[in-house]
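We use all heavy atoms of the structure for the numbers below, so side chains are in, but hydrogens, waters and symmetry mates are not. Just so it is clear, the model here is predicted, and its values are computed rather than measured. One is the number of the first residue; the rest follow in order along the sequence.
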Amino acid sequence: MPPNLTGYYRFVSQENMDNYLRALDINVVLRKLVCLLKPDKEIIHTGDHMVIRTITSLRDYVMDFDVGVQFEEDLGPVDGRKCQTTVSWEGDQLVCEQLGEKRNRGWRHWLEGDQLHLCMTAEDEVCVQVFQKVK
């Protein structure tokens with residue numbers, strides 16, 4: 001049985017965000033701004049339904065989905081693209097595959113103790129973020 005990811009998580013660290021954003025063709029000004037942000041995550045996990053909010057001082061991004069069901073994800077606020085997205089469990093990791101213009105695009109969430117880890121990929125770039133559970 002997969003873990004329940006419900007909780008509020010505060011940003012701790014990130015690695016390689018600039019190169020990840022470059023792989024998504026994000027302009028240099030926006031990349032620099034995003035690299036300065038320290039997003040929080042709020043996850044509501046009820047059975048096979050999940051809502052993941054990424055909260056920043058610039059804007060919030062909300063994913064609302066059912067695990068295992070493909071949907072069209074509008075990534076306009078991120079990079080102006082739309083993807084066919086499927087989120088599923090691989091063991092204890094929540095895995096997202098975003099099919100569209102960019103090869104190897106997606107992410108993985110998993111828990112290590114009270115820390116939430118996020119590994120995002122696009123093309124050949126990998127960005128890792130860590131968040132601390134606060135409630």
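- With sequence neighbours left out, E97 forms a side-chain contact (heavy atoms from CB on, under 4.5 Å) with L99.
- Cluster membership for V62 and M120, using ILVMFWY side-chain heavy atoms within less than 4.5 angstrom, is not shared.
- Distance check, rounded to the nearest 0.5 Å: CZ of R105 to SG of C83 gives 4.5 Å.
- Residues V87 and L94 form a side-chain contact, since some pair of their non-hydrogen atoms from C-beta on lies under 4.5 Å apart.
- Screening residues 10-45 for ring pair (Phe, Tyr, Trp, His ring centres under 6.0 Å), with sequence neighbours left out, gives H45-W89.
- Taking Ile, Leu, Val, Met, Phe, Trp and Tyr as hydrophobic and joining them when side-chain heavy atoms fall under 4.5 Å apart, one finds I55 in a cluster with Y8, V134.
- A salt bridge (charged side-chain N to carboxylate O under 4.0 Å, His left out) check over residues 41-50, counting only residues at least two apart or in different chains, returns the pairs E42-R53.
- When the side chain to side chain donor-acceptor pair (under 3.5 Å) test is applied to T85, the partners found at least two apart in sequence or on another chain are E73.
- Here CD1 of I44 is found 7.5 Å from OG1 of T6. Values are rounded to the nearest 0.5 Å.
- The side-chain contact (heavy atoms from CB on, under 4.5 Å) search around N16 returns N19, E125, not counting sequence neighbours.
- Under the rule for a side chain to side chain donor-acceptor pair (under 3.5 Å), the partners of Q93 that lie at least two apart in sequence or sit in another chain are R108.
- Nearest heavy-atom pair, P39 versus Q129, reported as atom, atom and distance to 0.1 Å: CG-NE2, 4.0 Å.
- When the side chains of ILVMFWY residues are joined at heavy-atom separations under 4.5 Å, either directly or via intervening members, V95 and F131 end up in two distinct hydrophobic clusters.
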Show which side-chain atoms of residues 30-38 pair as donor or acceptor with protein atoms under 3.5 Å away, not counting sequence neighbours.
from, atom 1, to, atom 2, distance (Å)
R31, NE, D18, OD1, 3.0
R31, NH1, I26, O, 3.0

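- A distance of 9.0 Å separates NZ in K133 from CD1 in I43, rounded to the nearest 0.5 Å.
- Judged as a side chain to side chain donor-acceptor pair (under 3.5 Å), and not counting sequence neighbours, the contacts of D64 are H49.
- Note that SG of C119 is 10.0 Å distant from CD of E15, once rounded to the nearest 0.5 Å.
- Using a 4.0 Å cut-off between charged side-chain N and carboxylate O, K102 and D25 make a salt bridge.
- Contacts classified as ring pair (Phe, Tyr, Trp, His ring centres under 6.0 Å) and involving residues 63-87 (residues at least two apart or in different chains) are not found.
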Which pairs would a plain distance check flag for residues 109-116, meaning a side-chain donor or acceptor within less than 3.5 Å of a matching protein atom at least two apart in sequence or in another chain?
from, atom 1, to, atom 2, distance (Å)
H109, ND1, H117, O, 3.4
W110, NE1, E112, OE2, 3.0
D114, OD1, Q132, NE2, 3.0
D114, OD2, Q132, NE2, 2.8
Q115, NE2, Q132, OE1, 3.3

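- When every heavy atom of G91 is checked against every heavy atom of P2, the shortest pair comes out as O-CB, 4.3 Å.
- For the residue pair C96 and M63, the shortest heavy atom distance occurs at SG-CE, 4.5 Å.
- Remark: D124 pairs with R103 by the side chain to side chain donor-acceptor pair (under 3.5 Å) rule, at least two apart or across chains.
- W107 has its side chain within reach of L118: a pair of non-hydrogen atoms, C-beta onward, lies under 4.5 Å apart.
- Note: L5 CG to I52 CD1 = 7.5 Å, rounded to the nearest 0.5 Å.
- Of all non-hydrogen atoms in A23 and A122, the two that sit nearest each other are CB-O, 3.6 Å.
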